[in-house]
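A short worksheet on the structure shown next.
Computation of the quantities below employed the complete heavy-atom set of this structure, encompassing side-chain atoms and omitting hydrogens, waters and symmetry-equivalent molecules. Below, read A as the first sequence line, B as the second, and so on, with proteins coming before strands; counting in each chain starts at 1.
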Amino acid sequence: MTPAASLSSASSAFGALLVLAVIVPLCGLVPMLLCAPRRVEQVALLLLGLGGLIVGAIAVRVAATGAALDDVIGGWAPPLGMALRADGLSVVMLVMTAVVVVATGLFARTDRAAPTSAMPPAFWMLLMGLWSALNLVFVAQDLFSLYVALELLTFAAVPLVCLDGSRKTLDAALRYLLFALFGSVLYLLATALLYGAYGTLDLPQLAQHVRASGTPEPALVLALALMSVGMAAKAALFPLHLWLPPAHAGAPAAASALLSALVIKAPIYLLVRIWCDLAGPPLAAAGAPLLAIMGAGAVWLCGVMALRQGRLKLLIAYSTAAQIGYLFLMFPLAGIAGAAPWETIAWTGGALQLVSHAFSKAAMFMAAGLIAEALGHDRIADFGGLGRILPVSVFAFGLGGLSLMGLPPSGGFVAKVMLLTAAVQQERWWIAGVILAGGLLAGGYVLRVVVPALFRTGGAVAVAQVSPRRQGVALGLALVAVVLGFVPLQPIGFLAIGRAALIGSAP
Amino acid sequence: MSGSFSLSVFGLAGAGLVAIGLFGLIVQGAAFRKILAFNLLGGGIFLLMGVIARRGAAAGFGGDPVPQALVITGIVVAFSATALAVALLLRLQDAGEQNSAAVDDRDRAARQGDA
Amino acid sequence: MSGALDAGIAALLLGVAFRVLLARDPLGAVIGFVALGLVIALAWVRLAAVDVALTEAAIGGGVTGLVMVRAAARLPKREGARQTADRGTNWIAAGLCVLVFIGLSAVVLGLPEPAPTLAPEAAAHLPGTGLGNPVTAVLLVYRALDTLLEVVVLLLALIAIWSLSADASWRGAPPPPGPRQPTEALVFLARVLPPVGVLVAIYLFWAGADVPGGAFQGGAVLAAMGLLVLLAGLCAPPRIGDRGLRLLVLAGPVVFLAVGMLGWAVAGAFLGYPEGAAKPVIIAVEAALTLSIAVMLALLVLGPPAGARQP
Amino acid sequence: MSGASGVLSLLLPAAPALPCLLALLCVAPKVRRWAPAMMALAPVPALLAALLVPQGISPLSAPAPLRITLTLDAPGALLLGTSAVLWMAAGAYAAVYLRDDPARPRFAIWWLLTMGGSFGVFIVADLSSFYLAFALASLSAYGLVAHDDTPEARRAGALYLGLTLFGEALLIAGFVMLAAGSPDGNPLIADAVAGLAVSPWRDAIVALLVAGFGLKMGFVPLHVWMPIAHGVAPVPGSAVLSGIVVKAGVIGLIRFLPMDGMLSAWGAAITTMGIVTAYYGIAIGLTQSHPKRVLAYSTVSQMGVVGAVIGAGLWSGDAAAPVIAAFYAANHILLKGAMFLAVGIAAASGARCLWLVLAVSAVLGLSLAGLPLTGGALAKIAIKGPLGEGMAGSLLALSAAGTTMLMARFVIRLQASADGSSHRFPPLALGAPWLALCGGALVVPFVLFQPVTGASLASAFSAGSLWKGLWPVALGLVATTALAWRGPRLREIPAGDVLLLAERLAPAVSALSEGVGRLDEGLRRWPVAGLLVLALIVAFATALEATR
């Protein structure tokens, strides 16, 4: 079996930007490990700017040319070598990551007024590792590189959970690590099987092989099952969400924002690649209902659990578990006969849901951290009068919540309308029902926080000052989620850039 | 003939190791034993990759060098994961023995160290 | 004959794995685990993958085993003892694992014939690299980015472990790994073995270009020698804030990254090597990697630096 | 001309934009001090737009990426103008009424947001902006409902929010189904509705929309929140809630139901629902003791009438029904607003001037009931057009007798609620806006009658019309007297009536929630999650294997 000619066998101009996006944060680790601990933060902030510029350049380049950016490492084309590639969807992920990472960096900066609240140097190094790993997940085309990227991501994310070193967070971190490793090895096993069956690890080439051969190999079937479950475990998709609530709720605010907004999106992005690129339409159609059922379970059960929480951070954590459920409703909706997934409105809706959840959730975790800092606790029952103490934080939380509830104007609203439209057009009423019910539950748990904060009197007493800058960062992210509500209610062409070329002619 | 037999034997052994590791990872209560089980599971997967590499013997090589190289990388990654998990476990052990005041002390020390 | 040998190895392998699974106390499980590493290394030799066998023996069994032994020694017995779920869970789990075993075996045994392979392609480009060992060529030429990332994984795991330290400024040293009163045998070994080990490591690294061996194997042997010295208490673990130590840790990643970026200048691609002069560059990278890997492996085994208040 | 209309057309976007903008500016503490003054002035562009902008102007589309298209038609202009009048009067009233309330700025912000949403809902022409404006008006109104942080207000607020979110879910489902067939993601409402007849989900869409808008208007049995919410809000808040916010449902029915005779079965159903609601509101309202709750049930009843008019238009395909329904609703805006404000005036009045307040309230009430020579009578005459003389028309005419009784009940309870011992006069700043509004409520229908119905004002004063208006009111007054003289004492039905039945479900709901909690706890145990991993692998592999 000769491998089909790969479309990504040559680097495109400016392809080196992809490598830079991955290695620049890593290069930052070198000065960070050699300089004095108090300088680490400054180095990190510098690198945040540099990395942001690189991602911006990638976005501009892809938008200007309307074509994906390719880079072949060392000039060794797949299958022997490995390639990086940024298509429309990856660019959106890269930009989302850059915005949230930079915002988190600004949020976590040491306050001159309150130097005791500084994050330890480890935080900044882990942030760099995390960013590099995320960028790699979004541009790598090689299944094994993706495995390494996922592990890198896990190693950066897990210690963020237990930066405070308390027994509770250490316990949460260990549980997170072990379950994430469980997911990773399943993915690795799948990678091995795919190599054994097709002799390449390059996703586009694998996709072409799968489409070229008639009946799928048994190895492909098992690999898809292993990868799906492995990634679901890493994404904390219901019913495999055991590790998420304690880990995301226990971490410091800046870390929670990263974990909830970005880290779980990496396995979800891979699931999209696996099912939309690799599997091929017949298998994708068979697997999609299962994914959607898990997503529906997440929306329902984790939504109710969020409603039941007494602590704000746990509420937000459960809300994350609920919100990612929506993303899995996308799979059956994007698989329409006669259209490539990326041409459907569900594809755009799913991507938009992913991105707007990232911004709104990061804003909400930051706001929750500030609230906990100001009040010394995060018991929702004692939030009466909070709106007067921390108006900006409550506003940021509410704006973020707007997106979760799917109310206009917000990215969440547009995403919900698109997914609903797809469900209606295909007459998948149960999916429409899940989306609507999820919106009600989200409304319930968001308002459970906002209403006492704004309308109850008494209760909340500020024990500490919070920095206006941090509040501003949270508000800025929430506003980004709102501004996303202005994208047109149609499939967005940018998200389809470079995808048709990826797997050859559309089915 | 015997080559194909050996491949089957090692394939079964790899699959068996995977199953044993999975079983251990699920039913073992102690984190320490879960970490061991994770390594069994990883070992089984690597062995399967070895079988796949051996199947691809060609061009005068005893096996396909690509999966062999992947296994080397995989072993190092698995070791890193194990080391991190064990460090977390031991840290958890220490934290459990300390009382909460000690944890507060630790926080203060952390802040002073940073300032 | 060889078939019987392989069947024996496979049976032994599964038997030892069951022993690891079922051992009552943690130390027994760990001893089983180290033994399993050796058996797997044997299997790798039988699978004509000596590079992997060396890595498995040095890292998979050896250094990992050391980590687990230290953990087993420090954990209270009950924390490492076998505690299993209730009977129902056990049976369901066993049933599902058997299902997975059957499915996986069927898939692996039914992989398509002829097996797809990249060996011919790897061989075709081998002369251009100046290397003789195809595995090294894959690791450092064809898929060099993976290897770079793998070193970064080690580095990040090290940062992750250090971040667990109570010593947030990362100045102190990890606690000594060995027993308080090392046995004479241990001390003797620690005095005699390292010179030999260092030679073996250098050989592994140097030979890795053409015959089995390489940076990871060499680094692991070096790390083992260093740990042996520390175990015997012949010297104290280094302070992790030490500038020299940090430089050693970073040498590999920095050289690798620098060579990668030079690739843009000399070959027009990241991690591209200059035409005709690939081998010396690769050897240089491997030298730096061997050192860094050795230091990082050892530091990963030693764990986070003790907090200021801890002895 | 076109230049002038160009400038005038800027008034249209200004109508909803100004209140929203002012509310946003109130984030700054310096601006927030002026918030109470803004309440009365923010509606000015809306009033000017209703008066000056030519109706039927071509839709104004905001530049991309904003997805807003505005237009002004007769029903929209009627509701926009009259609601602007009520917003101004109630705003001036509220600034005084709440002057000692430390939370007054907060009230003003929610007030402005509700105002912006309610103006928007009357003039937007595209689907997603309608949803935005509807949601803005509905959700911001929570700030008016729950302003007083009392246990009743919390309960009312929670109920209001819950049902509002539920209504939003119904509407978004309906809207998405409506737009699903259109090539544009956000079609104009008119275009989307034009495709309704051929939609495969026609009946489902209409059901969702009627339920969503009916919830806002208080169709039985979706009215439960209304008496509770309108009862607990501060007086000016109740006035705009009952007067204006419910009209978002009216304009919704008007905009989304095609009056082309294609949906006659639905028309019959909605008419029936409206008539039932009209009588139900009266029946329960008569048992109420608090004047605000009496008024709230009257609103339920009146919205039933409006619903019946729209239903009748749908039934017979009467293209004039929307504007007539809007006329009736506009009349209700002013009257109901003025009557709610009277509750606050009465409470501030001593015995000396209470009679004046009661007299004016009585006139307002009689106008609502359609006493000849009042503005309300004109509204009653107007709705005869779509309703015709059939059973529906007769039943609604008879309901005016009930309305008379209800209004009498209101005046009686108003007197009882007043502080009769003192000799206080309400402050002029409180009384002036109220009196102005009362004047407007009585006069405005006369101005609007001819343009709306096309009939001359003189026809409304014919003997036949006078008699048709008079007998129900007379009947109602007789019945009230009889009831007062020798009637059974009516046991007060707790506000929210059927809701109490629903509260029986509370234990079941909490048991369900507990069950989910236990399920989650179980799923989050390691061995269980581990087993699920394996089970899911097997499930995926089986599902995929089946396709091979």
Side-chain angles (χ1 to χ4, degrees), chain B residues 2 5-6 8-13 15-20 22-24 26-30 32-33 36 39-40 43 47-48 50-51 53-56 58-59 61-66 68-69 71-73 75-77 79-80 82-84 86-91 93 106 109-110 113-114, chain C residues 2-3 6-7 10 13-14 17 20-21 26 29 33 40 43-44 47-49 51-52 55 59-60 64 67 71 74-75 79-80 83-85 90 93 97 100-101 104-105 108-109 115 117-120 122-123 134-135 138-139 146 150 153-154 157 160-161 164 166 168-169 216 300 303-304 308:
Chain B
S2 120
F5 170 78
S6 294
S8 304
V9 163
F10 284 123
L12 288 173
L17 209 48
V18 167
I20 294 170
L22 279 175
F23 181 77
I26 292 169
V27 303
Q28 297 274 13
F32 178 77
R33 305 299 289 258
L36 272 181
N39 274 294
L40 295 187
L47 206 53
L48 290 177
V51 170
R54 185 78 178 104
R55 280 165 44 86
F61 298 149
D64 185 348
V66 171
Q68 293 181 355
V71 171
I72 292 179
T73 305
I75 288 174
V76 174
V77 172
F79 164 73
S80 308
T82 307
L84 179 57
V86 165
L88 253 175
L89 179 61
L90 293 178
R91 183 78 187 77
Q93 198 62 40
R106 200 194 78 73
D114 194 61
Chain C
S2 67
D6 290 341
L13 197 146
L14 289 179
V20 175
L21 182 72
F33 178 73
I40 294 182
W44 281 111
L47 286 167
D51 290 270
V52 184
T55 314
I59 300 180
T64 308
V67 170
R74 281 190 55 191
L75 283 173
E79 285 297 321
Q83 319 153 16
T84 57
N90 277 339
C97 287
V100 169
F101 171 74
L104 192 55
S105 311
V108 171
L109 298 183
T117 173
L118 290 172
V135 177
V138 173
L139 281 174
D146 263 356
E150 178 188 358
V153 164
L154 281 173
I161 287 182
L164 300 174
S169 57
F216 288 99
L300 283 170

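The two residues Ser8(B) and Leu109(C) make their nearest non-hydrogen contact at CA-CD2, 3.7 Å. For the pair Asp64(B) and Ala119(C), the tightest heavy-atom approach, listed with the atom from each and the gap, is OD1-N, 3.6 Å. The minimum heavy-atom distance between Leu164(C) and Arg91(B), with the atom names listed, is O-NE, 2.7 Å. Across every non-hydrogen atom of Leu90(B) and Arg74(C), the tightest pair is CD1-NH1, 3.8 Å. Residues Ala10(C) and Val9(B) share a closest heavy-atom pair of CB-CG1, 3.2 Å. For the residue pair Gly11(B) and Val108(C), the shortest heavy atom distance occurs at CA-CG1, 4.3 Å.
If you measure heavy-atom distances from Leu14(C) to chain B, the contacts under 4.5 Å come from both the backbone and the side chain. Heavy atoms of Ile26(B) lying under 4.5 Å from chain C belong exclusively to its side chain. Looking at Phe101(C), the atoms closer than 4.5 Å to chain B (heavy atoms on both sides) sit in the backbone and in the side chain alike.
Heavy-atom pairs under 4.5 Å with chain C peak, among Leu89(B), Leu40(B), Val76(B), Val86(B), at Val76(B). Chain C forms the most heavy-atom pairs under 4.5 Å with one residue out of Leu36(B), Thr73(B), Leu17(B), Val66(B), and that residue is Thr73(B). When the candidates Leu300(C), Asp51(C), Ile40(C) are compared by the number of heavy-atom contacts under 4.5 Å with chain B, Leu300(C) comes out ahead. Interface summary for chain C: among Gly62(B), Gly29(B), Gly24(B), the most heavy-atom pairs under 4.5 angstrom belong to Gly29(B). The choice from Gly60(C), Pro304(C), Ser105(C) that makes the most heavy-atom pairs within less than 4.5 Å of chain B is Ser105(C). Of the listed residues Gly303(C), Ala157(C), Ala123(C), the one with more heavy-atom pairs under 4.5 angstrom with chain B than any other is Ala123(C). Counting heavy-atom pairs closer than 4.5 Å to chain B, the top residue among Leu154(C), Val100(C), Leu118(C), Val153(C) is Leu118(C). Ranked by heavy-atom pairs shorter than 4.5 Å toward chain C, the options Ala87(B), Ala53(B), Gly43(B) are led by Ala87(B).
Counting heavy atoms from C-beta on, the side chains of Phe79(B) and Val67(C) come closer than 4.5 Å. When side chains are defined from C-beta on, Ile72(B) does not count as touching Ile59(C), because their heavy atoms never get closer than 4.5 Å. Contact check for Leu21(C) versus Gln28(B): side-chain heavy atoms found under the 4.5 Å cut-off. Side-chain contact between Ile75(B) and Phe216(C) is absent, with no heavy atoms from C-beta onward closer than 4.5 Å. Looking at heavy atoms from C-beta onward, Phe10(B) lies in side-chain contact with Asp6(C) at the 4.5 angstrom threshold.
Considering Val52(C), Val138(C), Thr55(C), Leu47(C) in turn, Val52(C) is the only one that fulfils the side chain to side chain contact (heavy atoms under 4.5 Å, CB included) rule with Gln68(B).
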Checklist entry - Would Phe61(B) and Thr117(C) satisfy side-chain contact (heavy atoms from CB on, under 4.5 Å), going step by step from the backbone distance to the final call? => result CA-CA 11 Å; Phe61(B) 298 149; Thr117(C) 173; over 6 Å; no
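Counting only distance, with no hydrogens or angles, the side chain of Arg33(B) and the backbone of Val20(C) share a donor-acceptor pair below 3.5 Å.
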